[in-house]
Amino acid sequence: QVQLVESGGGLVQAGGSLRLSCSASGAIFSINFMAWYRQTPGKQRELVASITDGRSTNYADSVKGRFTISRDNGKSTLYLQMNTLKPEDTAVYYCNVKRMNWGRVENYWGQGTQVTVSS
């Protein structure tokens, strides 16, 4: 019921910046959690940053002080501002939203956008 499309990935030099966007459509009402995850080949998908319905944010220790997660008031767009990028930030970044429906949490994922940071 929710469709997610990420954009904004690309190739950047270490120390550079990128801004990722996630456009949400469909049944976006009742969404209470939005997040960015990332994954590299052979590794588990890891949580990078999250934002709650109350706009409280949390970050992985590895990105604190460098990344900023935000959303618009209608929850139709999620952003991830990435500054001072490092080679270890290279990954496919995925948008994730959670929605309550009849007491059950529904999880939705985008297809991902590639971020490559060169040294």
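Just so it is clear, the structure is predicted and the values come from calculations on it, not from any experiment.
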Item to check | Residues Asn101, Ser30; criterion side chain to side chain contact (heavy atoms under 4.5 Å, CB included); working and verdict | outcome: CA-CA 8 Å; Asn101 185 25; Ser30 298; over 6 Å; no

Checklist entry - Can Phe33 be reached from Leu78 by stepping across I, L, V, M, F, W or Y side chains whose heavy atoms are under 4.5 Å apart? => result no

Checklist entry - What about Val92 and Leu4, same hydrophobic cluster or not, with Ile/Leu/Val/Met/Phe/Trp/Tyr joined at side-chain heavy-atom distances under 4.5 Å? => result no

Please find the pair of heavy atoms, one from [X] and one from [Y], that lie closest to each other, and give the distance.
X	Y	result
Gln114	Ala91	NE2-O, 3.4 Å
Arg66	Leu85	NH1-CA, 3.9 Å
Ala14	Ser119	CB-CA, 4.4 Å
Val63	Val48	CG2-O, 3.6 Å
Gly9	Leu20	N-CD2, 3.6 Å
Val2	Ala27	CG2-O, 3.3 Å

Please round to the nearest 0.5 Å and tell me the distance separating atom [atom1] of [X] and atom [atom2] of [Y].
X	Y	atom1	atom2	result
Ser21	Glu6	OG	CD	10.5 Å
Ile31	Met100	CD1	CE	13.0 Å
Leu47	Trp36	CG	CH2	12.5 Å
Arg19	Leu80	CZ	CG	10.0 Å
Ser62	Lys86	OG	NZ	8.0 Å
Leu11	Leu18	CG	CG	9.0 Å

Checklist entry - Out of Thr57, Ile51, Val97, which residue meets the side-chain contact (heavy atoms from CB on, under 4.5 Å) rule with Arg71? => result Ile51

Item to check | CA sep, side-chain torsions, deciding dist, call: Met82, Val12, side chain to side chain contact (heavy atoms under 4.5 Å, CB included) | outcome: CA-CA 11 Å; Met82 306 185 294; Val12 65; over 6 Å; no

Tell me if a side-chain donor or acceptor on [X] pairs with a main-chain N or O of [Y] at a distance below 3.5 Å.
X	Y	value
Asn96	Tyr108	yes
Tyr79	Thr68	no
Arg55	Asn73	no
Arg38	Glu46	no

Item to check | Audit row: Asp61, Lys64, salt bridge (charged side-chain N to carboxylate O under 4.0 Å, His left out) steps and yes/no | outcome: CA-CA 5 Å; Asp61 289 341; Lys64 284 183 178 178; 3.3 Å; yes

Checklist entry - Do you know which of Tyr93, Trp109, Tyr94 makes ring pair (Phe, Tyr, Trp, His ring centres under 6.0 Å) with Tyr37? => result Trp109

